[in-house]
2 protein chains.
Amino acid sequence: MADEVGLAKLTLAALADRLGVRQPSLYKHIDSMAGLQRDMAVHAKRDLGGVLARASVGRSGADAISSMSHAYRDWARAHPARYEASNLMPAPGDVEDEAVSLEAVQLIADVLAAYNLEGDDAIDAIRAFRATLHGFVSLETSGSFALAADVDRSFDRLVRGFIAALAQWTGDTAAS
Amino acid sequence: MADEVGLAKLTLAALADRLGVRQPSLYKHIDSMAGLQRDMAVHAKRDLGGVLARASVGRSGADAISSMSHAYRDWARAHPARYEASNLMPAPGDVEDEAVSLEAVQLIADVLAAYNLEGDDAIDAIRAFRATLHGFVSLETSGSFALAADVDRSFDRLVRGFIAALAQWTGDTAAS
DNA sequence: CCGTTTGGCTAATGTCAATAGCTAAAGCTG
DNA sequence: CAGCTTTAGCTATTGACATTAGCCAAACGG
């Protein structure tokens, strides 16, 4: 239900209303507002992780990257509030949240593995991939792409551009 | 002062406290919470716009892109709450906000002009550039880059990658 | 010097998260 | 089956916050 109103506007009062229940009753099921958001975050990360895993199965290299990218964007657009929640950082010491967060990053690492990047090169590539996807999706869902131009096409172009950049990742540093 | 506590936690009560004033007194200077955030957004966009303009003056091509990118990230890290505010969309009909938002995008368009992109190609590139910068900065400031690897280096690598992608922007679509 | 603007104030309201303490039904357990 | 326990709801209350109404005094301009 959260996706309908936006994560920020998901109020316990409204939620209780929707469930036909008084709002203190919710505390029999959740810990606090923060706890609810954490739970949503864990759920969302697991869900997104599953989608990404499914998108990359049986593919590799540029094909896998492209497929995963589109799956990422599609999922985010279908569930904007869940997407927001999926970007919340785990609280330090929250083992479950940390684990599921790590899994998602691991999926990205796996899909980039075909490029044989080592050590920091690999980390740079993972960060770049995450930044590319998150940046686009975040701007898109916040309505920052005002112009009429086709957004699907822009995203496709961006993904292709990232793949092209990846191909010459190693040694990039030297070539100023 | 907002950068100290984070945009979300900037409460009118706390603000009044900091100013040594009772909180209803604030309404003599602002319209509402939403109005305050709008004002901060306009301010932030103007400020960021100025920084970006200064970073690109006298440069062109890859040099200008790199300089602007680093200025963008530096500014965002120095003023995290202002950065958040700068990403708020203008309300429809808010002429001033719309104008200053457009100016910032225009700066990016100008710096990409050296690549002679036309029409939708240019729009795609602008969107890609914004996504790249925002994605990285947003993940970084939210603490999503947990690993020890040098973040400066990752950003540099990302910017180089974007520039490389730009160089082969046109015709990208054809080459699957 | 007087009216007006400016910028503060108290008092009050409404929304929300959160806590305490009560109660009835459901589910076990011997 | 009888009795204890867990579960899941409830009312009442508190405290933080945004917001509005209405009051007042100092500063300011003709």
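Note on naming: letters A, B, ... go to the chains in the order of the sequence lines (proteins, then strands), and numbering restarts at 1 for each one. Values below: every heavy atom of this structure, side chains too, minus hydrogens, waters and symmetry copies.
Taking side-chain N and O atoms only, H29(B) has a distance below 4.0 Å to OP1 or OP2 of dG8(C). OP1 and OP2 of dA18(D) both lie 4.0 Å or more from every side-chain N or O belonging to S32(B). Applying the 4.0 Å criterion to OP1 and OP2 of dA18(D), one finds that T11(B) has a side-chain N or O inside that range. The side chain of R22(A) places no N or O atom within less than 4.0 Å of a non-bridging phosphate oxygen (OP1 or OP2) of dG9(D).
Put simply, CG on L12(A) is 21 Å from P on dT14(D), counting in whole angstrom units. The CG-C1' distance, from D17(B) to dA16(D), rounds to 12 Å in whole Å. We find that CE of M33(B) is positioned 10 Å from C1' of dC17(D), with the value rounded to whole Å. The interatomic distance linking L36(A) (CG) with dC16(C) (P) rounds to 15 Å, in whole Å. At whole-Å resolution of the value, CG in L26(A) and C1' in dT19(C) are 14 Å apart. Going from atom CG of L10(A) over to atom C1' of dA17(C) covers 13 Å, rounded to whole Å. If you measure from atom OH of Y27(A) to atom P of dG21(C), you get 17 Å, rounded to the nearest angstrom. Regarding I30(B), its CD1 atom lies at a distance of 17 Å from the P atom of dT6(C), rounded to whole Å.
Residue contacts shown for S25(B) include a base, since a base heavy atom lies under 4.0 Å away.
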Between the protein and nucleotides 21-29 of chain D, list the N/O to N/O atom pairs that are separated by less than 3.5 angstrom.
none

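H70(B) and F155(B) have their aromatic ring centers within a separation under 6.0 angstrom.
Within the 3.5 Å criterion, the main-chain N or O of D121(B) finds a donor-acceptor partner in the side chain of W169(B). Using a distance-only test at 3.5 Å, with no hydrogens or angles considered, no donor-acceptor pair links the side chain of E103(B) to the main chain of R46(B).
Note on R73(B) versus D152(B): salt bridge recorded, some NZ/NE/NH1/NH2 to OD/OE distance being below 4.0 Å.
Not a single donor-acceptor contact under 3.5 angstrom links the side-chain atoms of Q23(A) to the base of dA18(C).
Between the side chains of K45(B) and S101(B), a donor-acceptor pair is found at a separation under 3.5 Å.
The only option from K9(A), R18(A), R82(A) that meets the salt bridge (charged side-chain N to carboxylate O under 4.0 Å, His left out) definition with E4(A) turns out to be R18(A).
When each of dT19(D), dA17(C), dC17(D) is scored by its nearest atom to the side-chain atoms of A13(B), the top-ranked nucleotide is dC17(D). Among the nucleotides dG9(D), dT19(D), dC17(D), the one closest to any side-chain atom of V21(A) is dG9(D).
With a 6.0 Å radius and a threshold of 12 heavy atoms from other residues, nucleotides or ligands, R77(A) has its CZ atom above the threshold.
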